[in-house]
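Notes follow the structure.
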Amino acid sequence: MRICVIDDLVSVNLVESMLNCNLANSIYIINEGQYKEKNFSISHGTLCTALLVETLKKYNCENLVEIIFYSIVDEKGNKSYANLLKALQYCVSQDFELVSLSMGVLGINGAKEIQVILENLKSTLVICAASNNGLLTYPAALTETIGVKRSLSKDRKMIEWVENPADGIELIVNFSETQLLQLLLEKYGYIIKDSNSILVPQICGKLAMHALKSKKLLTKKNVCTYLGASLRRRDIDDYKLPLGITIDTIPVIIFPYDCNNKEFACDFAVSLQSKFENEGYICSLLSDLFDEMNFVFLRMSS
């Protein structure tokens with residue numbers, strides 16, 4: 001089985017050190033950039049790759065999986081939107097079983113280009129992290145992928161699958177802290193805040209185990225069964241994301257905010273969502289910013 005991890009940078013030596021393993025013949029890096037450790041600094045890609053390997057080791061299948069790490073940083077060390085598109089095109093051409101993508105872009109313009117590429121997927125399952133602050137994030141919100149976010153309610157079951165999700169995020173996960181995350185905190189004082197990014201590699205590792213065990217092709221339809229997820233149904237058949245949003249049948253709360261204080265608005269929205277979910281409701285945040293993108297937004301030359 002082959003899994004492609006799309007992220008910024010990875011240090012294989014650091015992953016091996018943290019997990020006490022040898023990955024010499026298990027990880028291959030594409031578009032490798034320069035990675036320099038400084039006071040045990042760890043890149044986003046290193047953390048996500050380590051969590052994937054940790055999960056595979058947990059199920060004793062690390063030797064049955066080949067990990068291809070595609071770095072999307074440019075020559076200046078910035079995350080590049082053009083390189084993200086190239087990485088997704090590469091995944092389409094290679095027909096990987098799984099793609100682990102713990103980052104995304106904001107804005108419909110980026111979503112359109114990404115969707116065109118993902119429409120060409122054959123049998124590849126792309127697992128993506130949702131935004132931590134409720135903003136619509138792509139490709140996680142696209143129907144061509146499976147979006148993952150952390151449960152805001154501690155009373156929720158471990159994994160839930162939402163049908164026709166309002167924000168495009170199908171999986172709601174409530175994982176406990178792993179040994180790796182505990183090690184980073186206790187030994188190195190490295191604090192990992194609750195985030196959706198760290199859920200994606202763990203989901204990929206668990207899906208890989210089930211696919212190897214069953215010897216069946218991974219599809220979006222059997223993810224719920226493989227993960228043992230409980231089903232949350234929505235009676236909304238005409239809902240489409242991300243380019244056309246229909247809210248006629250959904251109660252909507254709209255509130256204005258100061259454009260100079262977006263952080264407060266996001267915190268308030270998340271707390272409001274948490275309140276609704278704790279009361280047993282399904283609640284999604286829809287906030288699509290057209291003027292923000294945490295990527296170097298450069299078009300690929302023809």
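Computed from a predicted structure; not experimentally measured.
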TODO: Considering only NZ, NE, NH1 and NH2 on the basic side and carboxylate oxygens on the acidic side, decide whether Lys79 and Asp7 come within less than 4.0 Å.
DONE: no

### Message
Could you check whether any side-chain heavy atom of Leu52 comes within less than 4.5 Å of a side-chain heavy atom of Thr49, counting everything from C-beta outward?
### Response
no

- prompt: Is the backbone N or O of Ala140 less than 3.5 Å from a side-chain atom of Thr137, with the two atoms forming a donor-acceptor pair by type?
  reply: no

Practice prompt. Show your working on side-chain contact (heavy atoms from CB on, under 4.5 Å) between Ile68 and Ile3 and close with a plain yes or no.
Written response: CA-CA 6 Å; Ile68 292 83; Ile3 301 177; over 6 Å; no

Applying salt bridge (charged side-chain N to carboxylate O under 4.0 Å, His left out) to Lys220 and not counting sequence neighbours gives Glu170

Using only heavy-atom distances, determine whether the side chains of His44 and Ser197 contain a donor-acceptor pair under 3.5 Å.
yes

field: Val99 vs Leu125 side-chain heavy atoms within contact, under 4.5 Å
entry: no

Residue pairs passing the ring pair (Phe, Tyr, Trp, His ring centres under 6.0 Å) test with at least one member in residues 198-219, sequence neighbours excluded, are His210-Tyr226

With sequence neighbours left out, the residues meeting side chain to side chain contact (heavy atoms under 4.5 Å, CB included) with Cys224 are Trp161, Ala229

(request) Begin with the C-alpha distance, continue with both residues' side-chain angles, and end with the deciding distance and a verdict on side-chain contact (heavy atoms from CB on, under 4.5 Å) for Ser26 and Val53. (result) CA-CA 10 Å; Ser26 301; Val53 175; over 6 Å; no

So the ring pair (Phe, Tyr, Trp, His ring centres under 6.0 Å) pairs with at least one residue in residues 91-127 (sequence neighbours excluded) are Tyr90-Phe96

Review point. Under 4.5 Å between any side-chain heavy atoms of Val148 and Asn196, yes or no?
Key: no

Any side-chain heavy-atom pair from Tyr138 and Gln115 closer than 4.5 angstrom? no

Sorted by chain and number, sequence neighbours left out, side chain to side chain contact (heavy atoms under 4.5 Å, CB included) with Lys215 holds for none

Are Met158 and Val173 close enough that some pair of their side-chain heavy atoms sits under 4.5 Å apart?
-> no

Across all chains, not counting sequence neighbours, the side-chain hydrogen bond (donor to acceptor under 3.5 Å, both in side chains) partners of Gln202 are none

**OP:** Look at the side chain of Ser80 and the backbone N and O of Val73, then say whether any donor-acceptor pair between them is shorter than 3.5 Å.
**Re:** no

